[in-house]
Protein chains: 2
Amino acid sequence: MPRTTTAAKTYASARIAIDPVIFTIHDHRLKVFLRQREREPFKGHFELPGGLLLPGETAEETMQRKLRSVFNATISCMQIYTFTTPDRDPRGRTVSISTLALISSTTILDFSGWHDIRKLPDLAFDHLDIISYARNYLREHIQQELLQNILPKRFPLNLLQTTFEIIEQKRYDNRNFRKRMIISETVAETKEHERQVSHRPAVLYRFV
Amino acid sequence: MPRTTTAAKTYASARIAIDPVIFTIHDHRLKVFLRQREREPFKGHFELPGGLLLPGETAEETMQRKLRSVFNATISCMQIYTFTTPDRDPRGRTVSISTLALISSTTILDFSGWHDIRKLPDLAFDHLDIISYARNYLREHIQQELLQNILPKRFPLNLLQTTFEIIEQKRYDNRNFRKRMIISETVAETKEHERQVSHRPAVLYRFV
DNA sequence: GCAAAAGTGTTCATATTACACCCATGT
DNA sequence: ACATGGGTGTAATATGAACACTTTTGC
């Protein structure tokens, strides 16, 4: 039965932010990209390189706009959680759609914005929560689509192994790991090898 | 270097909705709870039993408020995706945080709002997309926490098996299924049995 | 020739699959 | 006594885990 009274309920109106958590592996460490805030609130603290949706933009479009401005490349990323605590931004209600992206350290020229996940600086807003959520998500949902982004197109099998080990924080047996990756057809050999390394050059593999 | 010009960018302001996709299993069918819209837009079409966040509410709180108004119970649910297409609601920009919840058909008295997932009526907004997303998510992320909600506290093992079969759309061997559930300690026997069934009464199990 | 990382096989234990009949209850 | 779903064991196969040495390159 339709209500006849029009209860003038006031719904929350909010700005919509995307906050990408971008990981790479460098120096055998998992690192996250942050920028330092230049104005209040949280001036001087670090934050995720996100931003607000413009009218007419989807979250995915905002994400690509933001990431292109930092990396000059299209990076595939996935939504992981939407943070809605009413006072998470003191300037006014803002919900944050957080996403997870991985990029290969071989495409990075300047490592100054990259912070070891285990030694994070002071973070603005609830960005520490967002990073923690993303880090757990990554550990628990490691999958080929994500891994393809954190490795170069062609890579030695042992780099794939150390990537797993750093993300999952556990060790694998080298022989068993190689067998498993090859027979499961996750990767296939190419005809290329590493060059100019001061040890036996590794065969390079690719994802199938 | 901080910018000195204050570019008056206009960011999108939006209302925030939660849209729970609530599944149950009834008559050996996966069913979703919908209500019929009583006003425009999409008057007469069916929609998810969601609603808008009030000021001061988190998405989780709105969800519980909405679900309690329908089911008189706290139902655990999880965020799955946030839909942000700018024109998804003709009344004004609204982003929808969709969530997935399961409830046991034993707690349902009236099945009139429940629709077979394979024979859905006309849906309002992008709710068909949301339901499809949730259905795929369920199939791919079937896990104990979710299953506990779709089954009663004590249940016959064969009900657990048919639940898996309906969600995953595949068959299991009865003997192997039972062995696996028991040795993996997913479930444990209780001392209770089914009653008043016209066949051998099943032992009831519980999740560990 | 030595340092450094790449690469390789076998054995054993565990988990998964395939498969067909008897059991307990209500009517 | 019959209809209905509940309940059980074994053998074959596939998968995962443990384990140590040789190879190729640069210096």
Side-chain angles (χ1 to χ4, degrees), chain A residues 25-29 104-106 140 142-144 147 151-208, chain B residues 25-29 104-106 142-144 147 151-166 168-208:
Chain A
I25 290 176
H26 183 232
D27 281 345
H28 268 67
R29 296 277 185 272
S104 166
S105 62
T106 56
E140 287 159 20
I142 191 167
Q143 48 176 274
Q144 188 165 330
L147 285 173
L151 289 165
K153 287 220 168 50
R154 315 251 151 147
F155 51 86
L157 261 189
N158 288 353
L159 179 59
L160 181 60
Q161 184 181 337
T162 58
T163 300
F164 268 99
E165 291 179 339
I166 291 165
I167 291 173
E168 297 185 336
Q169 288 288 296
K170 66 186 231 195
R171 304 298 303 274
Y172 288 97
D173 176 272
N174 183 245
R175 276 172 290 195
N176 293 336
F177 182 85
R178 291 169 158 269
K179 261 182 293 182
R180 191 155 51 84
M181 289 298 141
I182 293 165
I183 67 168
S184 69
E185 299 189 344
T186 304
V187 296
E189 219 174 300
T190 70
K191 282 166 188 159
E192 295 173 61
H193 296 73
E194 276 185 310
R195 285 159 192 268
Q196 292 165 326
V197 287
S198 72
H199 54 78
R200 177 171 172 177
V203 171
L204 299 181
Y205 286 74
R206 60 179 172 80
F207 286 103
V208 294
Chain B
I25 290 176
H26 183 232
D27 281 346
H28 269 67
R29 296 276 185 272
S104 166
S105 62
T106 56
I142 191 168
Q143 47 175 275
Q144 188 165 331
L147 285 172
L151 289 164
K153 286 219 168 46
R154 313 253 154 146
F155 50 87
L157 261 190
N158 288 353
L159 179 59
L160 181 59
Q161 183 180 339
T162 58
T163 301
F164 268 99
E165 291 178 340
I166 291 165
E168 297 185 335
Q169 289 289 296
K170 65 187 235 192
R171 304 298 305 276
Y172 287 97
D173 176 273
N174 184 245
R175 276 172 290 195
N176 295 336
F177 182 86
R178 292 169 157 269
K179 259 182 296 179
R180 192 153 51 84
M181 289 299 141
I182 293 164
I183 66 167
S184 69
E185 299 188 344
T186 304
V187 296
E189 218 173 301
T190 71
K191 280 164 187 160
E192 295 173 60
H193 294 74
E194 275 184 310
R195 283 158 194 270
Q196 292 164 328
V197 286
S198 71
H199 53 76
R200 177 172 173 180
V203 172
L204 299 181
Y205 286 75
R206 60 179 172 80
F207 284 102
V208 295

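Residue numbers begin at 1 in each chain, while the letters A, B, ... track the order of the sequences. As a basis for the values below, the full set of heavy atoms in this structure was taken, side chains included, without hydrogen atoms, waters or symmetry mates.
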Bounds of contact between DNA chain C and chain A, in 5' to 3' order, using a heavy-atom cut-off under 4.0 Å: C:dA4 to C:dT10
B:Arg178 vs B:Asn158 side-chain heavy atoms within contact, under 4.5 Å: yes
Do side-chain atoms of B:Thr106 reach the backbone of B:Pro152 as a donor and acceptor pair under 3.5 angstrom? no
Using modelled atom types only, decide if a donor and an acceptor are shared between the side chain of B:Asp173 and the backbone of B:Arg175 within a distance under 3.5 Å. yes
Mapping A:Ser198 and B:Ser198 to their closest nucleotides on DNA chain D, which lands nearer the 5' end? B:Ser198
Verify, without hydrogens or angle tests, whether B:Glu165 (side chain) and B:Tyr172 (backbone) share a donor-acceptor contact under 3.5 angstrom. yes
Beyond-backbone contact of A:Tyr205 with A:Leu160, side-chain heavy atoms, under 4.5 angstrom: no
When you measure from the side chain of B:Glu194 to the backbone N and O of B:Pro156, does any donor-acceptor pair fall under 3.5 Å? no
Rounded to the nearest 0.5 Å, how far apart are CZ of A:Arg206 and OG1 of A:Thr190? 8.0 Å
When you measure from every atom of DNA chain C, which of residues 177-192 of chain A have a heavy atom less than 4.0 Å away? A:Arg178, A:Lys179
Side chain to side chain, A:Phe155 and A:Thr163, heavy atoms closer than 4.5 Å: no
On DNA chain C, does the nearest nucleotide to A:His193 precede the nearest nucleotide to A:His199 from the 5' side, or the other way round? Give the residue. A:His199
Of B:Asn176 and B:Asn158, the one whose closest nucleotide on DNA chain D sits nearer the 5' end is B:Asn158
Considering only heavy atoms from C-beta outward, does the side chain of A:Leu159 approach that of A:Ile25 to under 4.5 Å? no
A:Glu185 side chain vs A:Ile182 backbone, donor-acceptor pair below 3.5 Å: no
Tell me, please, the opening and closing nucleotides of DNA chain D, 5' to 3', among those with an atom under 4.0 angstrom from a non-hydrogen atom of chain B. D:dT4 to D:dT10
